[in-house]
Trainee: 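The structure follows.
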Amino acid sequence: MRRHGNRRGLQGCGRPGRAAGRAGLGRAGAGAGAAGRSSPGPGKQLSFGIMAVILNEFETSSESTAHSEEQQDSASWERYLERRSLVLQFLHSSLSRHHLQHHQNKVELLKKCRFYLEIEPKHVNVRDQNHVMHRTDILQLIDPCQFQRMKTVGKNQTEIQLSLLTGLLEQLERGQEELSCYVETSDMITFLSRWDLIMQRLSKLSEFMETLVSLQVPGKLYVKHRLVSHADLRGTRLPNIRLSLCTKMPLIFDRKESFAHKNWAKLKWFTENQESHLEQCELQVKLLTNGSQTEPGYGRSQVVTSNTYVVQDLQPGRSYEFTIRRSDTHTLVFEKWRDSITLKTKTNAVEDADSSACAPEG
């Protein structure tokens with residue numbers, strides 16, 4: 001009986017609790033549903049406001065970022081065009097093909113020149129044994145060994161100078177190709193990323209060009225030793241002696257005005273600067289053979305003080321090599337080139353007869 005009563009008591013206590021729970025939940029759910037269907041609560045209004053602000057800020061930030069990137073791209077493009085124009089200007093002026101060819105021609109001509117040792121002053125006043133002043137050539141007072149030493153210094157300096165000129169031209173031509181490649185093949189980003197390197201190259205090439213121009217003019221020589229002994233001066237105060245290098249243009253055959261006939265040849269030569277003062281020059285004549293050097297007229301030379309000369313006593317139907325050069329002087333320090341021309345005498349009697357009208361006298 002107790003067990004049954006207790007069981008019914010437990011059952012009675014349990015049911016009302018579960019029902020009350022269900023009723024409570026129902027009312028809460030109904031209240032919540034009613035609240036959801038009526039006006040939104042303050043929490044929901046705050047969430048929608050924040051989302052709107054965030055969305056607006058995102059859109060504004062995106063537009064600002066896009067605008068900023070557009071400005072950066074525009075600035076980069078202007079910077080690229082400005083720097084590219086700077087390189088192009090350098091390529092079209094200092095490193096243009098025409099300009100480099102001009103310097104190449106000047107260097108090639110300089111290699112053909114003769115280099116001399118120039119001394120200033122050329123004359124000085126010196127007392128003789130009777131204390132009488134006489135105007136004397138400075139070379140008569142300079143010690144021969146010291147003078148020969150200075151000629152050697154001048155020769156070495158000339159060779160170094162010509163070698164440097166050749167190297168500088170090669171550097172400028174290589175730099176011209178390199179900068180042209182940067183301009184023609186690099187896009188904006190690549191070009192701007194290499195700008196520091198390009199600027200260094202521009203600066204170095206500008207230095208090369210300045211050095212090239214300065215070396216085309218022979219420089220001074222530094223005198224380390226005393227050239228004149230005080231004993232030769234007899235108390236005369238000697239002025240400061242200055243040594244430098246100077247050049248003279250090469251003699252070049254006029255190919256249009258030089259020709260050969262049966263037993264004579266007329267030769268004409270000139271200089272690039274068309275010198276009005278004609279110096280002594282040496283004309284060499286060489287008969288070209290198959291190795292034999294015993295034939296008459298094989299080789300001879302003639303001193304000439306003009307720009308034309310007629311070579312007589314040539315053999316018909318033979319080839320001759322003619323070489324022209326300035327006569328040697330005691331101040332000559334360097335000569336590497338001399339002009340030569342090969343002419344063949346005629347064998348046809350008719351051609352020789354036709355040209356007899358212009359044959360030289362004597």
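For the numbers below, each heavy atom of this structure counts, side chains included, while hydrogens, waters and symmetry mates do not. Note that the numbering runs from 1 along the sequence shown for the chain.
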Trainee: Any side-chain heavy atom of M209 within less than 4.5 Å of one from L172?
Mentor: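 Yes. Closest side-chain heavy atoms under 4.5 Å.
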Trainee: Is E335 salt-bridged to R326, going by a charged N under 4.0 Å from an acidic O?
Mentor: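 Between R326 and E335 there is no salt bridge, as every charged N stays at least 4.0 Å from the carboxylate O atoms.
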Trainee: Grouping I, L, V, M, F, W and Y whenever their side-chain heavy atoms are under 4.5 Å apart, do L251 and M249 come out in a common cluster?
Mentor: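 No.
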Trainee: Can you run down the salt bridge (Lys or Arg N to Asp or Glu O under 4.0 Å) pairs that involve residues 97-108, sequence neighbours left out, and say none if there aren't any?
Mentor: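 Matches after skipping sequence neighbours: E108-K111.
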Trainee: Please collect all salt bridge (Lys or Arg N to Asp or Glu O under 4.0 Å) contacts where either partner lies in residues 168-188, sequence neighbours excluded, each pair once.
Mentor: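 Residue pairs passing salt bridge (Lys or Arg N to Asp or Glu O under 4.0 Å), neighbours aside: E178-R201.
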Trainee: T347 side chain to P316 main-chain N or O, any donor-acceptor pair under 3.5 Å?
Mentor: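 No; zero donor-acceptor contacts below 3.5 Å.
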Trainee: Shortest non-hydrogen contact from S93 to S96?
Mentor: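 Scanning both residues completely, I find the closest heavy atoms to be O-OG, 3.2 Å.
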Trainee: With under 30° as parallel and over 60° as perpendicular, where do the rings of H261 and F259 fit, or are they tilted in between?
Mentor: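 Perpendicular.
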Trainee: Which pair of heavy atoms, one from S340 and one from R255, lies closest together, and at what distance?
Mentor: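 Reported closest heavy-atom pair: O-NH2, 2.8 Å.
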Trainee: K112: what forms a side-chain contact (heavy atoms from CB on, under 4.5 Å) with it, not counting sequence neighbours?
Mentor: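 P250, W337.
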Trainee: Could you check whether any side-chain heavy atom of R300 comes within less than 4.5 Å of a side-chain heavy atom of V311, counting everything from C-beta outward?
Mentor: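 Answer yes - side chains close enough.
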Trainee: Would you please name every residue forming a side-chain contact (heavy atoms from CB on, under 4.5 Å) with D328, sequence neighbours left out?
Mentor: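 side-chain contact (heavy atoms from CB on, under 4.5 Å) list for D328, sorted by chain: R114, R325, L332.
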Trainee: Are D143 and R149 within salt-bridge range, i.e. N to O under 4.0 Å?
Mentor: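 Looking at R149 together with D143, the answer is no, because their closest N to O distance does not fall below 4.0 Å.
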Trainee: Spell out, as yes or no, whether a donor-acceptor pair under 3.5 Å connects the side chain of Y320 to the backbone of Q315.
Mentor: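 Side chain of Y320 to backbone of Q315: a pair is present.
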Trainee: Can W269 and C281 be said to form a side-chain contact (heavy atoms from CB on, under 4.5 Å), step by step?
Mentor: CA-CA 11 Å; W269 52 89; C281 55; 3.8 Å; yes
Trainee: Could you check whether any side-chain heavy atom of L221 comes within less than 4.5 Å of a side-chain heavy atom of L117, counting everything from C-beta outward?
Mentor: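 In short, these two side chains touch, coming nearer than 4.5 Å.
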Trainee: Look at the side-chain heavy atoms of Ile, Leu, Val, Met, Phe, Trp and Tyr, link any pair under 4.5 Å apart, and say whether L212 and L91 land in one connected group.
Mentor: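 L212 and L91: one cluster.
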Trainee: For atom NZ of K266, decide whether the heavy atoms of other residues, nucleotides or ligands shown that lie under 6.0 angstrom number more than 12.
Mentor: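 Counting other residues, nucleotides and ligands, NZ of K266 stays at 12 neighbours or fewer.
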Trainee: On a heavy-atom basis, which atom in T190 and which in S193 lie closest, and how many Å separate them?
Mentor: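 Looks like O-OG, 2.7 Å.
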Trainee: Is the number of heavy atoms from other residues, nucleotides or ligands within 6.0 Å of NZ (K122) greater than 12?
Mentor: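 Atom NZ in K122 is crowded, with more than 12 foreign heavy atoms closer than 6.0 Å.
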Trainee: side-chain contact (heavy atoms from CB on, under 4.5 Å) with H92: which residues, sequence neighbours excluded?
Mentor: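 Result, side-chain contact (heavy atoms from CB on, under 4.5 Å) vs H92: L88.
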Trainee: Backbone N or O of T345 within a donor-acceptor pair of the W264 side chain at under 3.5 Å?
Mentor: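 No; zero donor-acceptor contacts below 3.5 Å.
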Trainee: Examine I341 and L314 and state if one hydrophobic cluster contains both, with Ile, Leu, Val, Met, Phe, Trp and Tyr joined whenever side-chain heavy atoms are less than 4.5 Å apart.
Mentor: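 Linked within one cluster.
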Trainee: Where is the tightest heavy-atom contact between Y80 and F191, given as atom of each residue plus distance?
Mentor: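 Closest pair (atom of Y80, atom of F191, distance): CD1-CD2, 3.5 Å.
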Trainee: Is any side-chain heavy atom of K336 closer than 4.5 Å to a side-chain heavy atom of E159?
Mentor: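 No, too far: nothing below the 4.5 Å cut-off.
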Trainee: Is a side-chain donor or acceptor of K151 paired with a backbone partner of H330 at a separation under 3.5 angstrom?
Mentor: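 Yes: the side chain of K151 pairs with the backbone of H330.
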Trainee: Within the distance-only criterion (no hydrogens, no angle test), does the side chain of S203 pair as donor or acceptor with the backbone N or O of M199 below 3.5 angstrom?
Mentor: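 Such a contact is absent between S203 side chain and M199 backbone.
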Trainee: To the nearest 0.5 Å, what is the distance between OG1 (T152) and CD (Q157)?
Mentor: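 It comes to 12.5 Å.
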Trainee: Less than 4.5 Å apart, any side-chain heavy atom of H103 and any of V213?
Mentor: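 In contact.
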Trainee: Atom CZ of R318 and atom CG of L343: how far apart are they, to the nearest 0.5 Å?
Mentor: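 One finds 14.5 Å between CZ of R318 and CG of L343.
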Trainee: Please enumerate all residues that pass side-chain contact (heavy atoms from CB on, under 4.5 Å) together with D196, with sequence neighbours excluded.
Mentor: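 side-chain contact (heavy atoms from CB on, under 4.5 Å) list for D196, sorted by chain: empty.
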Trainee: Do Y309 and I252 share a hydrophobic cluster, counting only Ile, Leu, Val, Met, Phe, Trp and Tyr and linking them when any side-chain heavy atoms are less than 4.5 Å apart?
Mentor: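 In one cluster: no.
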Trainee: Would a distance-only check, ignoring hydrogens and angles, find a side-chain to backbone donor-acceptor pair under 3.5 Å from D254 to K268?
Mentor: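 Here the side-chain-to-backbone pair does not exist.
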Trainee: If only atom types and distance count, is the side chain of S85 paired as donor or acceptor with the main-chain N or O of L81 below 3.5 Å?
Mentor: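 Looks like no, no N/O pair under 3.5 Å.
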Trainee: Given side chains that start at C-beta, do those of F334 and L245 come closer than 4.5 Å, heavy atoms only?
Mentor: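 Result no, sub-4.5 Å side-chain heavy-atom pair not found.
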Trainee: Is F90 linked to V183 within one hydrophobic cluster, defined over Ile, Leu, Val, Met, Phe, Trp and Tyr using a side-chain heavy-atom separation of less than 4.5 Å?
Mentor: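 Linked, F90 and V183 end up in one cluster.
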Trainee: What is the distance from atom CD of E257 to atom CG of L267, rounded to the nearest 0.5 Å?
Mentor: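 CG of L267 is found 11.5 Å from CD of E257.
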Trainee: Taking Q161 for its side chain and L215 for its backbone only, find out whether a donor-acceptor pair lies under 3.5 Å.
Mentor: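 A pair under 3.5 Å: yes.
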Trainee: Run the side-chain contact (heavy atoms from CB on, under 4.5 Å) test on L205 and L179 for me, step by step, so that the C-alpha distance in whole Å, both residues' side-chain angles and the decisive distance to 0.1 Å come before the verdict.
Mentor: CA-CA 10 Å; L205 291 172; L179 290 179; 3.7 Å; yes
Trainee: Could you measure the distance from the CZ atom of F147 to the OG1 atom of T331? Nearest 0.5 Å is fine.
Mentor: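 Interatomic distance, F147 CZ to T331 OG1, rounded to 0.5 Å: 6.0 Å.
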Trainee: How long is the span from the CD1 atom in I142 to the CG atom in L243, to the nearest 0.5 Å?
Mentor: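 Rounded to the nearest 0.5 Å, the CD1-CG separation comes out at 6.5 Å.
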Trainee: Roughly how far apart are L110 CG and F115 CZ, rounded to 0.5 Å?
Mentor: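 One gets 4.0 Å once the value is rounded to the nearest 0.5 Å.
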Trainee: Under the ring-ring contact (aromatic ring centres under 6.0 Å, His included) rule, what do H102 and H98 come out as? Steps first, then yes or no, please.
Mentor: CA-CA 6 Å; H102 169 72; H98 175 75; 7.1 Å; no
Trainee: Hey, is E82 close enough to R79 for a salt bridge, meaning N to O under 4.0 Å?
Mentor: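 Salt bridge between E82 and R79, a charged N being under 4.0 Å from a carboxylate O: no.
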